[in-house]
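Notes follow once the structure below has been shown.
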Amino acid sequence: MELDLTIMDADYVIEDGEVKIRAFSKTVEGENVIVEDRSLQPYFYAVPREETGTLREQIKEEELTDDDGEELEVRNIEKKIRKDGLEEKEVLKIETEIPANVPKLRYAVSKLEHTDECREFDIPFYKRFLIDRGIRPGETVKVKGEQIDGELDRTIILEEVKESEKEKPEFSMLAFDLEVIDGEIVMASMYGEGLEKVLSTAEVDKDYVEAFEGEKELLKRFQEIIEDRDTDIVTGYNTDEFDFKKLRERFQAHGMTLSLGRNGDRVKFDRRGRFSSARLKGRMHLDLYPFITHVLAPGLDSETLDLDSVAEEMLGENKNDVSFEMMQQWWEDQENLEEFAEYNLKDSELAFRLAKELVPQIMELSRITGLIPFDACRLTYGQLTENFLLREAFNREMMAPNRPTRNQRRRRSNQGAYEGGFVYTPDSGLYTDVSVFDFRSLYPTVMVAHNISPEVLDLDGCEDRFVMEEFDFYFCQDEQGFFPELIEGLVESRYELKSKMKELDEDSMKYEQIYSRQQAQKILANSFYGYLGYDGARWYSKESAQATTALGRKYIEDTIEVAEEMGFEVVYGDTDSVFIRGEDVEDRKEDFLDRVNKLLPEFMELEFEGYFETGFFTSKASGEGAKKKYALMDREGGLKITGFEQVRRDWSQVAKDTQKEVLRLVLQDRISEAAEAVKDTIQGLKDQEVPVEDLTIHTTLTKPPEEYGSTAPHVEAVKKASKRGVSIEPETTVNYVITRGGGSISERAELVRFAEDYDPDYYIDNQVVPAATRVLKVFGYTEGQLKGKGKQSGLGRFG
DNA sequence: CTTGACCGGGG
DNA sequence: GTGTACGGTCAAG
């Protein structure tokens, strides 16, 4: 039979010693189908020292065993021609019966004297399947095969994969969030299409709350809802590291198993380095947090990546200002439970709405890299890029380079550092009429323009060599390299999509899909440069990365030169942008762009980014202008603040707010008012008028207090709390304030709930004034003056 | 200046 | 499980 379907998850199982792939899929009509591949065998390549014949003989003659002396089966050996860079090599493709034997067999084969090296022995089998069968999750394919008795709506044995014209199915989605008090799950909210529910172990007077006898009943119901709704996508915020771990623990505590696989499989916890992730077989568990940290964070203004800040930035939703301490108190006293439930539901709703925006992007990233969505939302840039490269290499009959060993990585990072982008040192102060120009995808376009690619580096017998003065290596221009070819493909496809977008209604599904697709292409095109310089990369090439930044510097410096020739005042520049001051810049910008773009190689382009009424640049302690720390204000009064690092958890809100207000006033050239604002805050602190939430400092307690070697305020606060009978467990965020009295800062740190007063001097001297001075020192203010201790003559006339 | 410890999100 | 992978900041050395 033939079925049009989209694969959303894949794994393999061993049955009677034979491996079979299970690809969990959905048809356009919404049927759940398992596609089994029983014919693909795990394999790797062996590159012979001399020629394939002698190596093949040796493999046949010698007994290959694992560490325990178990014999390893070689199921099939085949001679293949594979490209290694640009060189074609005769290699052996060695097949074995189960994936777990690949690394063992590879080890045994590597030790043979006729083996030069082995390749592609560490590619997880479900990824191998997707690559070798040319299947991309998120792309509909026509599958031909025989239907057998099995799980879900249908199970079919794969015979052939073909292209399909059909649309993708709709996936159902649900977001959830747990509330845990004293280690137990007391509430669980779930939010999806037509679903707004809070499960609770307490009676709550809200129509969306379902109350339960105890935690065990709540957990059963939680599982039941996911199963009954036949959920395709389960999402949430930090669900890998928190919610699912907690669920597993609590299910276990009640003697139950957490089973949320589509076929009833238990939730599997994959270790991946620092993290573990919860895998629901046949469904897509998409934790938004790793995707946001790895992929989105560089493009976000928000410095902290908690759900509140990210939702605020992406959805414009206001901050949820219930503190955890408050929630604990409510639960303890069993009061305000309506609000408690409301809060719980809100978090699921925010996660769901974020997912609405992000899942299309994750799906497109999955489609383009060929990874299952589960992986696409968790991997770092480098890993996403590498998976894309593995697939493209396979399609060109290229063998992938091996991953570096630990030692190689260390060597790479030690010899590592090379010069990065060019940063123009600004003169600190306030500027008016600032126009910003930047290069469209600087590094990708540089790589295409100069054919920067590892396999054409110092290529023997090359005729057309691109040489740079400062380097003793060159890039061959005879033939387009692997990386430029991929970048050009992505960039061109993206142009097409962008022009297609213009013809579409912005609210349509099609628009959203195309938008996400071009966004994924952009992410990928921009990741190649970083990938080449990443010490864990298979296709690592320091020279390529080095040449790319060097060329980037050259082009930005050339641009600055053109600007100066035209009589413009250059204020600042960083890597791919120039900031130019002057009232007439906007009118003459076309002329400027023309001149610069005429000098650039084909494919590269400078663009106008925007005009800002004012711009402020701060200085370093030495008085020299600081790089990467500035604020801009557009015509509508919108602020763009970059690099002011105090927007962090371990700074109190009062310091952050004051700094932002100071920047806002400074950009309006209201310098002395800015200083007044600081003084007002100081007075408010002295008068004990600032609410305690604005004074709280948050720091995570990572281990039991007694294990800390050095003293730290949050640790001391916890120690004092435990003397009062309140124990705080590791992994808890400690919210403390600095109170009055004698002794060091640590000695005066108290948990918020025990703090009876606060020390205004601490907040003035260590929080508000340093943050504000970071800005106001440019205008001649010292810390002393802001605290009202000095003279104020001659202020406000700097800059 | 270099090295090593700490931290993120969640409750 | 074709395992064991981050990247930035800050205080201490």
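Chain A is the first sequence line, chain B the second, and so forth, proteins listed ahead of strands; every chain is numbered from 1. These numbers come from a predicted model, not from an experiment.
- A sub-4.0 Å separation between OP1 or OP2 of C:dT4 and a side-chain N or O of A:Arg403 is present.
- Ring geometry, A:Phe352 versus A:Tyr191: the interplanar angle falls from 30° to 60°, so the pair is classed tilted.
- Rounding to whole angstrom units, CZ of residue A:Arg271 and C1' of C:dT4 are separated by 8 Å.
- Across C:dA5 and C:dG1, the matching P atoms stand 13 Å from one another, rounded to whole Å.
- Here the P atom of nucleotide B:dG11 and the CD atom of A:Glu215 are 16 Å apart, to the nearest Å.
- An OP1 or OP2 oxygen of C:dT2 is reached within less than 4.0 angstrom by a side-chain nitrogen or oxygen of A:Tyr12.
- Among the nucleotides C:dA5, C:dG3, C:dG1, the one closest to any side-chain atom of A:Asp122 is C:dG3.
- Residue A:Arg128 is classed as a base contact, given a heavy-atom separation below 4.0 Å to a base.
- Contacts of A:Asn101 with the nucleic acid, taken as non-hydrogen atoms under 4.0 Å apart, are absent.
- Between A:Tyr12 and A:Phe125, the ring-plane angle classifies as perpendicular under the 30° and 60° cut-offs.
- The same atom, C1', is picked in C:dG8 and in B:dG11; the two are 25 Å apart, to the nearest Å.
- The aromatic ring of A:Tyr237 does not sit over the base of B:dG10; the criterion of centres under 5.5 Å apart with planes under 30° is not met.
- Taking the side chain of A:Pro42 as heavy atoms from C-beta on, and the options B:dG11, C:dT2, B:dG10, the nearest nucleotide is C:dT2.
- Rounded to a whole Å, the CZ atom of A:Phe244 is 21 Å from the P atom of B:dG9.
- A:Leu178 comes within contact range of the sugar-phosphate backbone alone, with a heavy-atom separation under 4.0 Å but no base atom that close.
- As judged by a 4.0 angstrom heavy-atom cut-off over every strand, A:Arg406 is placed among residues touching the sugar-phosphate backbone only.
- Proximity note for A:Phe125 (side chain, C-beta onward) versus C:dC6, C:dT2, B:dG9: the nearest is C:dT2.
- Under the 4.0 Å criterion applied to side-chain N and carboxylate O atoms, A:Arg378 and A:Asp240 are assigned as salt-bridge partners.
- Taking every side-chain heavy atom of A:Thr380 into account, C:dC6 is the closest of C:dC6, B:dG9, B:dG11.
- C:dG1 atom P lies 18 Å from atom CZ of A:Phe121, rounded to whole Å.
- Checking A:Tyr289, A:Phe242, A:Phe244 one by one against A:Tyr237, the ring-ring contact (aromatic ring centres under 6.0 Å, His included) holds for a single residue, A:Tyr289.
- You'll find that the side chain of A:Arg409 is closest to C:dC6, out of B:dG9, C:dC6, C:dT2.
- Rounded to an integer number of Å, the gap from CG of A:Asp375 to P of C:dG1 is 11 Å.
- Contact between the side-chain N/O atoms of A:Lys268 and the OP1/OP2 oxygens of C:dG1 is found at a separation under 4.0 Å.
- A:Ile181 comes within contact range of no nucleotide atom at all, as no heavy-atom separation falls under 4.0 Å.
- Partner A:Glu386 forms a salt bridge (Lys or Arg N to Asp or Glu O under 4.0 Å) with one of A:Arg538, A:Arg403, A:Arg391 and no other, that one being A:Arg538.
- Rounded to whole Å, atom C1' of C:dT2 lies 11 Å from atom CD1 of A:Ile98.
- Note on ring orientation: taking the six-membered ring where Trp is involved, the planes of A:Phe275 and A:His294 are perpendicular (angle over 60°, cut-offs 30° and 60°).
- The number of heavy atoms from other shown groups lying within 6.0 Å of CG (A:Asp182) does not exceed 12.
- Among the protein residues, A:Val180 comes within range of the sugar-phosphate backbone only, with heavy atoms under 4.0 Å from sugar or phosphate atoms but none that close to a base.
- Computed from coordinates, the A:Lys246 NZ to B:dG10 C1' distance equals 11 Å when rounded to whole Å.
- You'll find that the side chain of A:Asn238 is closest to B:dG10, out of C:dG7, B:dG10, C:dG1.
- In the set C:dA5, B:dG8, B:dG10, the nucleotide with an atom closest to the side chain of A:Gln383 is C:dA5.
- Comparing B:dG11, C:dG7, C:dG1 by their closest approach to the side chain of A:Asp270 singles out C:dG1.
- Checking C:dC6, C:dG3, B:dG11 against the side-chain heavy atoms of A:Asp347 singles out B:dG11 as nearest.
- As rounded to the nearest Å, B:dG10 and C:dC6 have P atoms that lie 23 Å from one another.
- Considering only side-chain atoms of A:Pro103, the nucleotide from C:dT2, B:dG9, C:dA5 that sits closest is C:dT2.
- Using a 4.0 Å heavy-atom cutoff across all strands shown, A:Ile123 reaches at least one base atom of the nucleic acid.
- Separating the CD atom of A:Gln328 from the P atom of B:dG11 is a distance of 12 Å, rounded to the nearest angstrom.
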